[in-house]
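Per chain, numbering begins at 1; letters A, B, ... match sequence-line order.
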Amino acid sequence: MELNRELLLDLYSSMLTARFVDERIVDEYNNRNIRGPVHLSIGQEGIASGVLTSCRVTDCVVSTHRCHAHYLAKGGDMPEMVDELYGLPTGCCRGNGGSMHLFDRKVNMWGASAVLGGSIPLACGLAHSLKRKGDDICVAFIGDGGTDEGVFYEALNLTATLGLPVLFVVENNQLSTLTPLSKRQAQPDIAAKVRGFGIESVDVDGNDVIEVYSRAARLIASVRRDSAPRVLVANTHRLCAHVGPVIYQLGGIGGDDELEMKLGREPLNTFVTYVRDNCPGLLDAMDRRKCEILAAVDSAFAGAKERFAAQLAQTNLPAPPPPEPSRV
Amino acid sequence: MELNRELLLDLYSSMLTARFVDERIVDEYNNRNIRGPVHLSIGQEGIASGVLTSCRVTDCVVSTHRCHAHYLAKGGDMPEMVDELYGLPTGCCRGNGGSMHLFDRKVNMWGASAVLGGSIPLACGLAHSLKRKGDDICVAFIGDGGTDEGVFYEALNLTATLGLPVLFVVENNQLSTLTPLSKRQAQPDIAAKVRGFGIESVDVDGNDVIEVYSRAARLIASVRRDSAPRVLVANTHRLCAHVGPVIYQLGGIGGDDELEMKLGREPLNTFVTYVRDNCPGLLDAMDRRKCEILAAVDSAFAGAKERFAAQLAQTNLPAPPPPEPSRV
Amino acid sequence: MQVSFGEAIRLATVQVMEADSGAFVYGEGINDPGGFFGTTVGLIDQFGEDRCFDVPNSEECLTGFAVGASLLGAHPLFVNLRADFLLLAMNQIVNHAAKWPTMSGGQCNVPIVIRAIVGREWGQAAQHSGAYHALFAHVPGIDVLVPSTVKNAAGLLISAFQSERPSIMFESKLLYTLNDDLSLPIQPLPIGKGEIVREGTDLTMIAVSEQVHFAGQVADDLAKKGIQAEVLDLQCVQPIDSELIIESVAKTRRVAVFDIGWTGFGLSSEVARIVCESGAGPLRSRMISSGQERQHTPASCFREYEHYPLLDKVVTQLVESMG
Amino acid sequence: MQVSFGEAIRLATVQVMEADSGAFVYGEGINDPGGFFGTTVGLIDQFGEDRCFDVPNSEECLTGFAVGASLLGAHPLFVNLRADFLLLAMNQIVNHAAKWPTMSGGQCNVPIVIRAIVGREWGQAAQHSGAYHALFAHVPGIDVLVPSTVKNAAGLLISAFQSERPSIMFESKLLYTLNDDLSLPIQPLPIGKGEIVREGTDLTMIAVSEQVHFAGQVADDLAKKGIQAEVLDLQCVQPIDSELIIESVAKTRRVAVFDIGWTGFGLSSEVARIVCESGAGPLRSRMISSGQERQHTPASCFREYEHYPLLDKVVTQLVESMG
Ligand SMILES: Cc1ncc(C[n+]2csc(CCOP(=O)(O)OP(=O)(O)O)c2C)c(N)n1
Ligand SMILES: Cc1ncc(C[n+]2csc(CCOP(=O)(O)OP(=O)(O)O)c2C)c(N)n1
Ligand SMILES: [Mg+2]
Ligand SMILES: [Mg+2]
C-alpha cells in the first residue's frame, strides 16, 4: 500500500470536512433553524474516509441515519448537504431527506435509511446491477446496532450465495443509542458471526484512517476480483450524543478517564500524530487544506443561512418547538 | 444414556404412529375429502420422535408447515388430528387450522406456522415465560429452508442474550420445496453459523432415532440447567413430495440409486435393523405395538370419515376442485 | 391464441424480457416444475440463470434487492407464491421502495414489480389466503394491480414493467382456471383505469380480481329479478379509477363492492369515501360490501365455504337493501 | 394530580405491573434516560431488570417473543420508539398475533400490548412519521387504540393490558406536551367506544389522537361563523364505534374526518363505509377528509408544515363544502 502525499492529504481533507461540517452544525443548532434530528459522525470519520477514499466514483454506497461522513467522503456535494439540513429546495434531496437521508446520485451515494438495516438489501441489488455491467462494487455501511437485525444475516447469505460484490462496513461504536453491544449480542464478535456465513471478515481500528484505508483497499480489490462479499468491522468511538448537538462527551457511558482516552485516539488526532512522527513535511500542506475546508464550510453555511432566512420570510411558519433533550 | 426396552418401544411407537397416519393420509387423499395441502413427515419421523420422547409433557413445542410428526410425538391427540384434516368441528383446532397448523394445548404443542421461521419468535417468548416458572424448556422445529430467514438469526441472538431455554431443532432435509440447500446457502453448514452466535450446536443423523434421542437428551439437560439455547441440526431425507400425497419418491432430486440408499437409511428401517442386531427380543413387542397403532389409526380414520360424511350430507358444499399436481 | 391466465402472465413476462435486457425474474423455488402456476415455466431455459433465478427464503432482503437493482435501471420482478409472505417485506416495500424516490428528492425511480398469489380453496387456511392489497393501497407511491382476466393480467403486467414506480400485482389463485384469447404482442393497459364490464342503471357493482366474475353472476341473478346492475372492474386499486366510480354511481345512485379481501379499512371503505367526497348521489340505498368474512380463513372446507361470499346470500342482501 | 401525557402512560404501566406479576415491559433502548418520552422512566428501578429490560434491535423476533410469552399467560408490553418500525414486525403481528387464537380453534389468547409513537415535527421525515393504524385496523383480531388525552391514554392502556386480544396503541408525539388531571387508580376505558367531545348539529367531525385537538380548533373557528360542529373522539379505530358515528351523522347529515395518517384506504374511508352502509343520511354535503397529504413526509420544516392539515385551509374547505 503506497501512502503518497496526495493520498494522505485526501484522507485528511476527507475527515476534516466531515468534522468541520458536524462541528458547525453544533454551533448553529441552537439557532433552531436546522430543524431536524442530527446524528453526527464525530469520532467515526476515519471509517468513512478510509473506506471511501479507496473507492471509485462509480462504486455505489448506501448508508444509515448517521450518514454525514459517508456522504461527504463519497464526494457528495457539501453545500447541497448543508442546504438540505436547512430544509431548502436547493438541498441535495430538495428538502425531502434531511440529515438522515443524504443522497447524491452524481457520486453514486444512493441514499441512507433511518430504519436499522434498511439500506442493506438495497446494497445487494445495487451490487447485482453493477456486476452485470463491470467490476464496480457497492459499499454498505451499517452500525453495530443494525447488525442485531435479521436482514443483515439474510444479506450476508444472499450476497455469498448469488456472488454479489458488496463490501459491508460495520461501524462498531459498541452502542445502539445508549445500549452497549454487550447487552445486545451475547457473542459480540461480529466478524466471527460473519465468518460463519463463509464470508471473509476483517476487524480494523476504525480510528486509524490509514489502517482503514489499506484494509479496505485490499478487501475492495478482492470483492472486485471475485464478486463475492467481504465484511470490514471497524471499531470506533462515538464522540457525540446519539442524536443532537452534544459533542466530545460520553454521556452515561464512561467517565473522564475514558473520555480522555477516546479523545486521544480519535481519528484526526491519530492521523496528525502519525504525520508528525512520520512525515512532518506534510503539516504545512495540511494547514492549507484546513483553511480551505474552513472557508468552504463557512461559505456553505453562510449561503444556506441566507437562503433559509429568505425562505422563512416568505412563509408563516410557526416558531420551532423547544429543544428536546439530546440523547447522549 | 440408558436405552431400556420401554424407551425403545416408545421411540418405535412414536415413529410408527406418524408414519402410519401419513401413509393413511396418502391412501385417503384421492377420495378428495381431506381437502387441504398436506406436508408429510415421511422419512423424517426420527427427529420428532427422538427429540420429543426426551421431553417432558410440560415442555413446550412449536412447529412448521410440516408438523404432523411433531404434533404426534409430543403426544397430540391423534383422532383429533385426523378430524382436523377432515375439517371437522371435532378437530384439534375445530377445523380452523388444518394440516399445517396442528395445535394441542393439553400437551403443550403451541402450534405451527406455515410462514417460514414464523413460529421461532414464539418459541423465544414461550421460553421466557417458562424460565420465570421453573426449568421447562421450549423446543422449536424449523426446516433448513426456514434458516434462510433473518428471524432465525434474530432468535439465536435473542435467546443467547436474554438466556432463554430454547432447543432449536433444524430438520435439514437439504430441500426447500425443490431448491437444494446448496443453492440457497453458500455456506451450507448451519451448525457453524449457529456457533458464530456463541451457541452450542450439534449435528446429528436424523435418520437414527436413537442417536437423535441421546443427543437431544443431553442438549435438553444443558438447556434446562443454564437456560441458554442450543441447536440440534438433524440431517434427514424427505421421502415424499414437498406437498401432496406422493411418497417414497424423490422427484427430480436424485435417481433410483439415491432413492434406494435413502430408503435403506430411513429411520424406521434403521431402527428395526438396530433392534434386530442388538435386541431381537424386542421384535415381538414391536409387532404388538404395530397392531395396536394400526388399529388406532384405522379407528381414527373410520370415525373421521363417518363424521365427515354426516357433515357433508348437511351442507351443499360444491364438489372439490380437481387435484393440483403434487410438488415432489 | 387461446391461453390460460398463468400462460398470459408468462407470455407478458417473456415479452418484456425479450425487449428489455434489464428485466429479470426471481422467486423462492422458481425452478419448480409447476412454475408458479405456469407463470415462470421455461424462463430459465430461454433467458438463462442470469435472468431467472432461484433464491434463498429471505423476503425482506429479496425485496430490497429489487429496489437496489432498479436504482441502476434494472426492472426486477419478484414472484411470491403467496401474498401472505409480503408481510415479511413490508418494511422494504413501504419504508424503502415507496419512499426512496421522494426521500431522494426525485433523484431516483424504483421500477420494481412484485407478483403475489392470493390463496383460496383447498384448505389454504389463515396464513395462505391473505388478500392484502388494501394495506399497500394505503401507502403513497405504490401501484396496486388486481387483474381479473387473461387479457388484463397480461396488459397490466406489461405496464407494471414499463412504469417507473413500484407495482404489486395480486393474483387470485382461482383465476388460474381461466382461458381466453390473447393476441401478441400484448398491449399495455393504462394503470389506474377501470372498465365497465356490464352496463346497468339500477346499481353500481364495483369488483376486483376473481370477484369480477362473481359480481357477473350476481348481476345475472339480479337481472332475472328485473334489476339492471352495472359492473365495474377496477383492475387497479391504486391508483383507483375514481372518475369511473363517480360517473356510474351518479347514474345508479346505489353502490355495492365485491372485494377479495376484508371489507373494513379496505376497498369498500375507499369506494365509500370516493362516493361521499364526490357528492355523487345521494345514495338511494344502503351500500353493500362483500368480501372475506371479518375473521381468519378457516382450513375446513365446510367453514371456508361460508367464509367467502355466497351467491344467494349476496343477491338477497342486495335485493333487500334496494327495498 | 396534574400529570403529563407521558407520565400518564407511565403511571398506567406501573399500576398494571404492580397488580399483575405477569406484566412486563421491554423495548430497544428502554434504559435511555429520556425513557421513551418519560413513559418508561424508573420502571427498571421499581420492578427490576426481570420485568423491564433492554433488547437487541430485532423487531420481528421481539414481537413474536411477546406472542409466545403471552400464550402462557404473561402480559408483555413492547414499546416502539416509532410506529414505522412496526413494519418490520408485520408478519408477527398480522400472521401470528392476530391469527393464533383463531388458528388454534380457541385454544389460546394473545394478550400482548404494543405501543408505538407516531413522529411529527422537527424533521422526522419519511421514515419516522408514519401513522400506520389503518394497516392494523384492516386485519381482524387486533385492537387499535389512538388516544388523544392524558386520561384516555391511561385508561386505554389499562384496558389493553386487561384484554385477551393483541392491542396496538399509537401515540402521536405531539401529545407528549399535554398536561391534565389524572386520578388514581386509573380506571379502564371500554375498548371500541368513542366519545362526543363537543356537541353540535350542523356537522359531525370525527377525529383521533392529536387531531382531536385540531378538530376542536376547527370547531371553534366554525362556531364563529355560526356553524355548530359536533366533535367525536374515536379513541379506538378497531373496534370502531360505528354506533356513535351513525347516531351523530344521522343528526347532522354531514361528516368530516380528521386523521393523523393518510386518508386513502384509511380511517376516512372506513367512516365513509360505515355511513354509506348504515343508510344514515343521505349526506347534505360532500364529505371532507383531512390527514397527511398523500405523499411521504418531507424533512424540511417548510414542506412539513404544509404536509399536515392547516387550520385556515380546512375551515375554508368545510365552509365551502357546506355551500
Ligand atoms: C428498525 C429500527 N429500530 C430502531 C430504531 C431506533 N434507532 C435509531 S438509531 C438506533 C441505534 C443504532 O445503532 P447503530 O446501528 O449501532 O448505529 P449508531 O447510531 O451507533 O451509528 C436505534 C435503535 C430504528 N431507527 N430502526
Ligand atoms: C415466508 C415464507 N416464504 C415462503 C414460503 C413457501 N414455502 C412453503 S414450505 C417451503 C419450503 C420450506 O423448506 P424447509 O423450511 O426446509 O421445510 P421442509 O419443507 O423441507 O420441511 C417454502 C419455500 C413460506 N411458507 N413462507
Ligand atoms: Mg452503534
Ligand atoms: Mg427442508
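- Annotation for D:E270 and C:S269: closest pair OE1-OG, 2.7 Å, computed over non-hydrogen atoms.
- How far CG of D:N95 is from CG of C:L86: 10.0 Å, rounded to the nearest 0.5 Å.
- When side chains are defined from C-beta on, D:P140 counts as touching C:W262, because their heavy atoms get closer than 4.5 Å.
- Taking 4.5 Å as the limit, some side-chain heavy atom of D:V139 sits within range of a side-chain heavy atom of C:H296.
- Within the 4.5 angstrom heavy-atom criterion, no atom of C:F136 approaches chain D.
- Neither the backbone nor the side chain of C:T297 comes within contact range of chain D; no heavy atoms are under 4.5 Å apart.
- Heavy-atom distances place both the backbone and the side chain of C:L267 under 4.5 Å from chain D.
- The contact between D:T102 and chain C is made entirely by side chain atoms (from C-beta outward), counting heavy-atom distances below 4.5 Å.
- Contact annotation for C:Q295: only backbone heavy atoms (N, CA, C, O) come within less than 4.5 Å of a heavy atom of chain D.
- Proximity to chain D is absent for every atom of C:Q92, based on heavy atoms less than 4.5 angstrom apart.
- Heavy-atom distances place no part of D:E59 under 4.5 Å from chain C, backbone and side chain included.
- Between chain D and the options C:L135, C:I240, C:V94, the largest number of non-hydrogen pairs under 4.5 Å is found for C:L135.
- Side-chain contact check for C:Q127 versus D:H96: some heavy-atom pair is nearer than 4.5 Å.
- Smallest separation of non-hydrogen atoms from D:H138 and C:G264: ND1-O, 2.7 Å.
- Counted within 6.0 Å of CD on C:E247, heavy atoms from surrounding residues, nucleotides or ligands total 12 or fewer; the atom is thus considered open.
- Looking only at side-chain heavy atoms (C-beta outward), D:T263 and C:R273 come within less than 4.5 Å of each other.
- Interface remark: C:A98 contributes backbone and side-chain atoms alike to the contact with chain D (heavy atom separation under 4.5 Å).
- At a 4.5 Å heavy-atom cutoff, D:A125 makes no contact with chain C through either its backbone or its side chain.
- Within a 6.0 Å radius of CD in C:E164, more than 12 heavy atoms belonging to other residues, nucleotides or ligands are found.
- For C:S268, the parts lying under 4.5 angstrom from a heavy atom of chain D are both the backbone and the side chain.
- Of the two parts of C:V237, the backbone and the side chain both hold a non-hydrogen atom closer than 4.5 Å to a non-hydrogen atom of chain D.
- The number of heavy atoms from other shown groups lying within 6.0 Å of CZ (C:R82) is above 12.
- A 4.5 Å side-chain heavy-atom check between C:D84 and D:K99 finds at least one atom pair inside the cut-off.
- When heavy atoms are compared at a cutoff of 4.5 Å, D:V255 does not approach chain C at all.
- Side chains of D:L283 and C:P282 form no contact here, defined as non-hydrogen atoms less than 4.5 Å apart.
- Scanning both residues, D:E277 and C:M287, for their nearest heavy atoms gives CG-O, 3.4 Å.
- Summarising the geometry, atom OG belonging to C:S289 is positioned 10.5 Å from atom CD1 belonging to D:I274; distances are rounded to the nearest 0.5 Å.
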